[in-house]
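Data first, discussion second: the structure below is written as structure tokens.
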Amino acid sequence: MFGVVPKVLWERRIPADARNRIPLALRCLLVEHDAGLVLIDTGIGNKENEKFRDIYGVENAGTDGRTSLEDALGELGHKPDDVRWVMNTHLHFDHAGGDTYRDPTGKVGLSFPKARYVVQRRELDFAKHTNERTAGSYLAHNFESVPFQLIDGETEILRGIRGIPTPGHVPFHQSILIESGGERACFVADLVPTSAHLPLPWIMGYDLEPLVTLETRRRLYQRAEAEQWLLIFEHDPNVVSGRLTKDGKGVGLVNEKRLD
Ligand SMILES: [Zn+2]
């Protein structure tokens, strides 16, 4: 998760287990919009086998065969049918795995049958044409049966909700910027997966274009700081969100919302 950053440095921030894994969240964002419920990214879903779940230490089983995402929606009083929009930042298995689900007979169907699913056009194309490096993260059963609405570049998908291209992790990755009541929040997804990744060069080994990630972050941080965006971290197990601050040493966070 930290690429070329030495372990002696990153393990002070997030200690690894005996198998060299660190805890990560699969945080999805639910937006209550006049156009209906909007779900941004869908976690890892339920379609992977036991070996996969063991390798990654997946813990997302809910009650009665559901996923913890469905349970979380239920806690808010919502059913999967209530979700009207699903927006994917990109199509890696840990972001789009829950777009679809496998029923007890083995059939794969849409998890949110009444939703319109939105992704960047070139991301879908990229996901469908993998090579030896990219194939492990793009699993066809996560997107081949999804009737996506495709967007091109920066797009206002719904009033106050924009997809903004943030390339680097993958070439057509997007973050989702939300404006409401004069405030802005940005679901940065894998541009900055955890708050520990805020320093510009703390870039994941998974990123296909790390130097592009660096420049995308530099640009986004300028806007985020100037406009006081609330940044929301998809993979951070403890820090849900915060606002950027720059001190002499680099970037930091204020107004952190923590779970611990
Ligand atoms: Zn991810």
Side-chain angles (χ1 to χ4, degrees), residues 1-5 10 13-14 16-17 20-30 39-48 52-60 67-69 72 86-100 111 117-120 122-124 126-127 130 133-143 146 148 163-177 185-199 202-210 212-214 216-217 220 231-241 259:
M1 280 299 285
F2 291 97
V4 298
V5 177
W10 61 252
R13 301 288 311 259
I14 310 185
D17 73 6
N20 212 29
R21 302 176 302 185
I22 57 171
L24 292 169
L26 293 164
R27 182 170 295 112
C28 312
L29 185 64
L30 187 71
L39 182 62
I40 301 169
D41 279 352
T42 59
I44 215 162
N46 76 340
K47 300 188 300 301
E48 306 310 328
F52 177 102
R53 300 173 68 83
D54 175 62
I55 288 171
Y56 291 101
V58 177
E59 295 172 2
N60 76 332
T67 61
S68 51
L69 173 58
V86 172
M87 300 175 187
N88 286 125
T89 59
H90 60 304
L91 297 175
H92 279 172
F93 64 74
D94 56 322
H95 298 256
D99 284 23
T100 52
S111 304
Y117 287 73
V118 181
V119 75
Q120 288 283 334
R122 294 168 79 189
E123 168 62 8
L124 180 60
F126 191 76
T130 54
R133 170 75 195 276
T134 63
S137 302
Y138 287 118
L139 312 180
H141 61 189
N142 289 332
F143 48 81
V146 179
F148 281 108
I164 54 172
T166 45
H169 177 62
V170 292
F172 306 104
H173 183 276
Q174 66 178 346
S175 301
I176 305 292
L177 181 63
C186 189
F187 191 75
V188 285
D190 276 348
L191 177 65
V192 189
T194 76
S195 60
H197 291 83
L198 278 169
W202 285 47
I203 293 169
M204 289 191 278
Y206 295 111
D207 284 22
L208 299 180
E209 302 172 315
V212 176
T213 297
L214 186 99
T216 301
R217 282 183 183 173
L220 183 126
L231 301 184
I232 301 166
F233 302 106
E234 188 161 5
H235 289 311
D236 197 309
N238 306 114
V239 181
V240 175
S241 61
L259 293 178

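Just follow the structure's listing: the first ligand is 1, and inside any ligand the first atom is 1. For the numbers below, each heavy atom of this structure counts, side chains included, while hydrogens, waters and symmetry mates do not.
Under the 6.0 Å cut-off for aromatic ring centres, H169 and H92 qualify, their centroids lying closer than that.
Of the N and O atoms on the side chains of T67 and N60, not one donor lies less than 3.5 Å from an acceptor on the other residue. D41 and T89 are linked by a side-chain donor-acceptor pair at a separation below 3.5 angstrom, with hydrogens and angles left out of the test.
The distance from the Zn ion (ligand 1) to the nearest N/O/S atom of H235 is under 2.8 Å. The Zn ion (ligand 1) has an N, O or S atom of H95 under 2.8 Å away, backbone or side chain. Residue contacts to the Zn ion (ligand 1): D94 brings an N, O or S atom closer than 2.8 Å.
The 12-atom threshold is exceeded at CZ of F148, counting heavy atoms of other residues, nucleotides or ligands nearer than 6.0 Å.
Taking the N/O/S atoms of D190 in turn, the shortest distance to the Zn ion (ligand 1) belongs to OD2.
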